[in-house]
Every structure is written in structure tokens, then in C-alpha cells.
Novice: 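The structure is given below, and queries will be raised subsequently.
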Amino acid sequence: MATLADPEQDFSRLPDLPADVFTAPLKKPDHVGDDWLEPRQTRYDSEDDAIWNDLFARQMDVLPGRAATAFMHGTEKLDLGRGGVPEFGQLSEDLGKLTGWSVVPVPMLIPDHVFFWHLANRRFPAGNFIRTRETFDYIQEPDVFHDVFGHVPMLTDPVYADYMQEYGRAGWKAMRYNRLKALGSLYWYTVEFGLIQEAPGDLRAYGAGILSGPTEVVYAIEAQSPNRIMLNVDRVMRTDYVISDLQPTYFVIDSFEDLYRQTVERDFDKLYRSLGAGFTYANTAVIDVDYVVNEGTLEYTLRGGRGSGAKPV
Ligand SMILES: [Fe+2]
């Protein structure tokens, strides 16, 4: 059966990137190799640790009852509230015992093919730097708080851990078809902004983009504005997304098993061949094949979103 990933692909070393694959031309800093890994994690000072502690406390005020149960358990299993920026070695040891994943430091956003390769080897690349007091509320590039607090707790869930590895393997297939944008949409609407229905009427967030900030957690779960639609992989991969504002639409899963099954069982060769280079659906669209959990008013988006002063209602 054709699957999400190419079973023949060898990920034991970084595969060569074919010349006809189009990826973002990121400039590699001189001090990192082809794997883009930092030689060691940054040594954080007491102010950095204080920023982590304040960010952690702020999230813990809003997450109970809104974050996925697996996420909350993950923060406890990894003891992320022990104080200060977690040490990646210790984190990897703890995570390794649970699901075989590790956390590795990278200087910045890294190229897709390198990111996919690390995921395929159950390594999660995490930004080394931490935000400052001036950028406490909003940062453009993911920092260690977004990457470690937002993403790593979910990697303690065995099924989710397998999904992330499959996603990395799938990346190499998507690249061959030059359909990275479509696969990026799947990442966006699951890993970064996914919701899970844990019981009828009980929606929770599992996406790191939601869980690492105080505003979107409340908006994603409780606001009237956004659409909430059951995840359909084919539909999501045709849907545009907004990267610097609250989402007009969230996609909901029933379980992590369902997410894993939807991605592993779909014949992605056929899917990639049927996808255009751009997106078919706007990020506000509700279409006739959707199983809608609730259709939003889109009030926040229609008033102009971030920068307009609109309230995230
Ligand atoms: Fe992220």
C-alpha cells in the first residue's frame, strides 16, 4: 500500500536534496553543520530563567480545562515547571524513556528537508534563544518557550509521537512533488493549531501555537468568531492559513489515533498528484463536504484582526 512516507527512503543519514525540489533559500550560519544543530544548548542567565518561569506561570493560569489532557500530563511527566529553561539533555533522557524522542538545539528556523530528517529520526529541533521582556507577548520566530513548552509535552503521547515521525518521513515525499505548502498546511492545522474533542462538547487544544500563548487558548476554545470543523486531511491540505494572527478556522480531531490513521492510510502519491501549486480554499471558508462542529461569526477577522484593535471574541 502506498503510504504517507516512502518506505524505501533511508533516513539514517541526511538524504541528498534533489536539484528540482524548491525549498526556502535559508542561509546557514557558519558555526553549524549540514544538520543545523548547535554544538550545545545556550547557557541561560537568571533573567532568561525568570522569563521562562513567568511565561510558564502565565500559561498555567489559562490552560487547565482548555489544553488537551495529554498535553497537561506531558508537562507533569517532564516536570517543565521545575524552574528555569529546561536542560535539553535531561529533557531528552526523560522523553527518551517515554517515547524514544529527544530535543536538539538549533539556532533559528531550519530548512524543511533538515527539519523533516530530524523528525523522521524522532529528534525535535528546538530554538535555542528565549524571548526578552520587550517581546514577551509576541515573537515572530519560535523561541525555546514556544518549542519546548508548546511542542514537547505532546511528544510524551505514544500515538502523537508516531504521528510526528510519520510527518517527517512524509516531508521527503511532499518535496519530491514540490507540494511542501500543502504539507505545511497539515502541520499548521494539526501540530500548531489543532483542537481535539475529548468528549461531546469538550474541545481542547493540542497545537503548540495555541498552547504557548495566553490569548489564542481562550479564543480557540471559547470565542464565537472562529469556525471549528472536523479534520479531513484532503481538505486541510487545500486550505490557506494565516501566520501572524488568530486563526479564522480550527480543525478538530476525535483522537490522536484518528489523526495518525488519516495520515498513514491516505495514498499521498495520489493526493500530491491531484493538488495544485496553490491553495483552493480561503482560511475562512466553510465548504459543502465539511463536518462543521460550529460555524463561527468571523467577527474578529471581519473587523480587521490584529492591528485593527478588534477584540478576540
Ligand atoms: Fe511551532
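As the structure is a prediction and not an experimental result, all values here were calculated from the model. Both ligands and their constituent atoms are indexed starting at 1 by order of listing.
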Novice: With a cut-off of 2.8 Å, does E192 put an N/O/S atom close enough to the Fe ion (ligand 1)?
Specialist: yes
Novice: Is there a chain of hydrophobic side chains (I, L, V, M, F, W, Y, each step under 4.5 Å between heavy atoms) that links L109 to L119?
Specialist: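 Not linked; separate clusters.
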Novice: Any idea which N/O/S atom from H151 gets closest to the Fe ion (ligand 1)?
Specialist: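 It is NE2 of H151.
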Novice: Verify the distance criterion only: is there a donor paired with an acceptor across the side chains of N178 and Y272 at less than 3.5 Å?
Specialist: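 No, no side-chain donor-acceptor contact under 3.5 Å.
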Novice: Is the shortest distance from a Lys or Arg side-chain nitrogen in E47 or R133 to a carboxylate oxygen in the other one below 4.0 Å?
Specialist: yes
Novice: For the Fe ion (ligand 1), give me the closest N/O/S atom belonging to H146, just the atom name.
Specialist: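 The Fe ion (ligand 1) is closest to the H146 atom NE2, counting only N, O or S.
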Novice: Give a yes or no on this: more than 12 heavy atoms of other residues, nucleotides or ligands lie within 6.0 Å of atom OH of Y138.
Specialist: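 Above 12, so yes.
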